[in-house]
Amino acid sequence: MLQCGGDRVVIVGGGIAGAFLAKTLQGHADVVLIDPKEYFEIPWANMRAKVDPAAVERTVIPHSDYLTQAKVVTASAVGVDDSVVLTSVGRAIGYDFLVIATGRNCTRPQRRSERLEMFQRDKERIAAAGSILIIGGGPIGVELAAEIAMDSPDKRVTLVHGAPRLLKVMGARASAKALEWLRSKNVTVLLDQTIDIEDLGGADAGDEEPGRVFTTSAGETVTADCHFVCTGRPLASGWLRRTFLGDHVDADGRLVVDEHLRVGRLKNVFAIGDITDVPEAKQGYLAQRHAMVVSRNLRLLLKDGGLEHKLHRYKASKSAIFVTLGRRDALSELPFMTLIGYIPGVVKPRDLYVSRTRRMMGLRWNG
């Protein structure tokens, strides 16, 4: 068992929230990051990477590049009690403070090199295809359709979505604007229809058969040379239900947190990112804000447990929601208006905040 000495912070999950928290806390605590991957990704650049895999070299970052004073355990957490986390490789890791940042279930390879190869294969699949099917009309599906339509306007892109409008995380006006924009780029959008994912033979790629015919729940047929599944992934909280934190997992699989992002008002357990029940859009930059609040709170508690009355509060964000539409355009929902096209596209940098995120992690912009 990995023993702790009073200042051990164990972070479960190495996505954008967990990675940023580990970075800000190293040097202030004995930090252990538990993650099944040896890297983290800048998630909002993933759709661009499918059409421009050269960009991904800067967005898939080994944990060892930025965690110079922390321990990394490459494994999944499979259990936890009030003092120890159990991992899939049989290690028991003691903690003084625990942060759950597991986000959503995903099937990513352990090694960075294999992840880079996945992006390269996606690029090759898109390049070779004359017709492409995208299943799911949330932000990921809309952004991927936009990237392909702008990068390769000669390809036939079809997006199938199982709800009456796109982008349920945004308002009806933003959904309508996104639909109009996609159709103006010759993307075929089929709403209120689904495709049985179980019949596809794989989570993302499936069995690639040029000219394969897919049938929707409404009986429409779509012919496509390749397809991408962009439906929402379940929250990675199933393992928690069998633990002492199970009572704090709500019906949707989210951890219930207080204004300090503590779980169930437990004094030494926090949660950040998508897995929390904070009522706001689940976007990467907000997960980073969670990490900043918890980092400040943990540094206060590590300095003096009596400073609990000074803990920082997190207020659910009503900030703008951005959806990138290719290299030039974007959709932005502000509290007072909704914009689409070149103007919101200018607000979001061409590199999708990759350089800024790398600087926040203490990395060179082009390293």
Side-chain angles (χ1 to χ4, degrees), residues 1-38 40 61-103 239-240 243-245 248 255 257-273 275-276 287-314 360-363:
M1 173 172 165
L2 191 57
Q3 301 288 343
C4 49
D7 65 345
R8 166 74 55 73
V9 177
V10 172
I11 302 166
V12 182
I16 195 68
F20 186 59
L21 178 61
K23 164 65 179 175
T24 60
L25 278 180
Q26 66 174 352
H28 300 277
D30 177 14
V31 175
V32 179
L33 177 68
I34 302 173
D35 188 50
K37 314 178 308 301
E38 64 181 25
F40 90 97
I61 302 167
H63 291 312
S64 58
D65 280 7
Y66 66 94
L67 291 180
T68 57
Q69 303 175 63
K71 302 179 185 71
V72 179
V73 176
T74 306
S76 298
V78 296
V80 63
D81 61 22
D82 60 2
S83 62
V84 174
V85 178
L86 302 176
T87 73
S88 57
V89 295
R91 295 185 67 179
I93 302 172
Y95 68 85
D96 298 297
F97 296 92
L98 175 66
V99 183
I100 306 296
T102 46
W239 67 284
L240 292 170
T243 73
F244 84 115
L245 297 176
H248 305 298
L255 279 170
V257 295
D258 65 12
E259 66 272 22
H260 307 300
L261 298 177
R262 290 188 297 192
V263 176
R265 295 196 177 275
L266 296 169
K267 293 185 180 299
N268 67 333
V269 182
F270 294 78
I272 55 178
I275 202 166
T276 69
Q288 286 179 311
R289 290 187 186 178
H290 292 190
M292 290 194 309
V293 169
V294 170
S295 178
R296 294 186 186 116
N297 286 340
L298 284 171
R299 278 181 277 178
L300 281 172
L301 293 172
L302 288 162
K303 182 178 180 180
D304 183 351
L307 295 176
E308 188 166 329
H309 64 286
K310 293 186 177 181
L311 291 183
H312 296 268
R313 289 180 167 83
Y314 182 82
M360 291 171 66
M361 302 301 289
L363 301 168

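This is a predicted model, so every value here is computed, not measured.
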Discussion item. Evaluate T276 against L255 for side chain to side chain contact (heavy atoms under 4.5 Å, CB included), listing each step before the verdict.
Written reply: CA-CA 5 Å; T276 69; L255 279 170; 5.7 Å; no

Worksheet item: About how many Å separate CG of D30 and CD of Q69, when rounded to the nearest 0.5 Å?
Response: 11.0 Å

Worksheet item: Given side chains that start at C-beta, do those of L300 and H312 come closer than 4.5 Å, heavy atoms only?
Response: yes

Worksheet item: Rounded to the nearest 0.5 Å, how far does CD1 of I11 lie from CD1 of I272?
Response: 6.5 Å

Worksheet item: How many angstroms lie between CZ in R299 and NZ in K303, if you round to the nearest 0.5 Å?
Response: 11.0 Å

Worksheet item: Looking at side-chain heavy atoms only, is the closest gap between E38 and V72 below 4.5 Å?
Response: no

Worksheet entry | Beyond-backbone contact of V85 with V32, side-chain heavy atoms, under 4.5 angstrom | no

Discussion item. Can you give me the closest heavy-atom contact between D7 and A29, atom names plus distance?
Written reply: O-CB, 3.4 Å

Discussion item. Is any side-chain heavy atom of F20 closer than 4.5 Å to one of I16?
Written reply: no

Discussion item. Apply side chain to side chain contact (heavy atoms under 4.5 Å, CB included) to residues I275 and L240 and explain how you reach the verdict.
Written reply: CA-CA 11 Å; I275 202 166; L240 292 170; 4.2 Å; yes

Worksheet item: So L261 and N297, side chain to side chain contact (heavy atoms under 4.5 Å, CB included) or not? Walk me through it.
Response: CA-CA 9 Å; L261 298 177; N297 286 340; 6.0 Å; no

Worksheet, complete the sentence: For Y66 and A19 the tightest heavy-atom approach is OH-CB, 3.1 Å

Worksheet item: Mind checking what makes salt bridge (charged side-chain N to carboxylate O under 4.0 Å, His left out) contact with K310, not counting sequence neighbours?
Response: none

Fill in: Side chain to side chain, F97 and V9, heavy atoms closer than 4.5 Å
yes

Fill in: Interatomic distance, F270 atom CZ to L98 atom CG [nearest 0.5 angstrom]
10.0 Å

Worksheet item: Considering all heavy atoms of both residues, which atom of A291 and which atom of L21 are nearest to each other, and what is their separation?
Response: O-CD1, 3.6 Å

Practice prompt. Might you work through the side chain to side chain contact (heavy atoms under 4.5 Å, CB included) test for L301 and L311, ending with a clear yes or no?
Written response: CA-CA 8 Å; L301 293 172; L311 291 183; 4.0 Å; yes

Discussion item. So F40 and D35, do their side chains get closer than 4.5 Å, heavy atoms only?
Written reply: no

Worksheet item: Should the ring pair H290 and Y314 be called parallel, tilted or perpendicular, given that the plane angle runs from 0 to 90° and is split at 30 and 60?
Response: perpendicular

Item to complete: Mind listing the closest non-hydrogen atom pair of D81 and F244 along with its distance?
Response: O-CE2, 3.1 Å

Discussion item. Testing the basics here: between Y95 and V84, what is the closest heavy-atom pair and its distance to 0.1 Å?
Written reply: CE2-N, 3.3 Å

Practice prompt. Could you grab the distance from atom CG of D65 to atom NZ of K23, nearest 0.5 Å is fine?
Written response: 10.5 Å

Worksheet entry | Beyond-backbone contact of L245 with L266, side-chain heavy atoms, under 4.5 angstrom | yes

Worksheet entry | Taking every non-hydrogen atom, the tightest pair across A75 and I34 | O-CG2, 3.5 Å

Fill in: Those residues that, when tested against D258, pass side chain to side chain contact (heavy atoms under 4.5 Å, CB included) (two or more places apart)
H260, R262, R265

Discussion item. Run the side chain to side chain contact (heavy atoms under 4.5 Å, CB included) test against A70 and tell me which residues pass, sequence neighbours left out.
Written reply: Q26, V31, L67

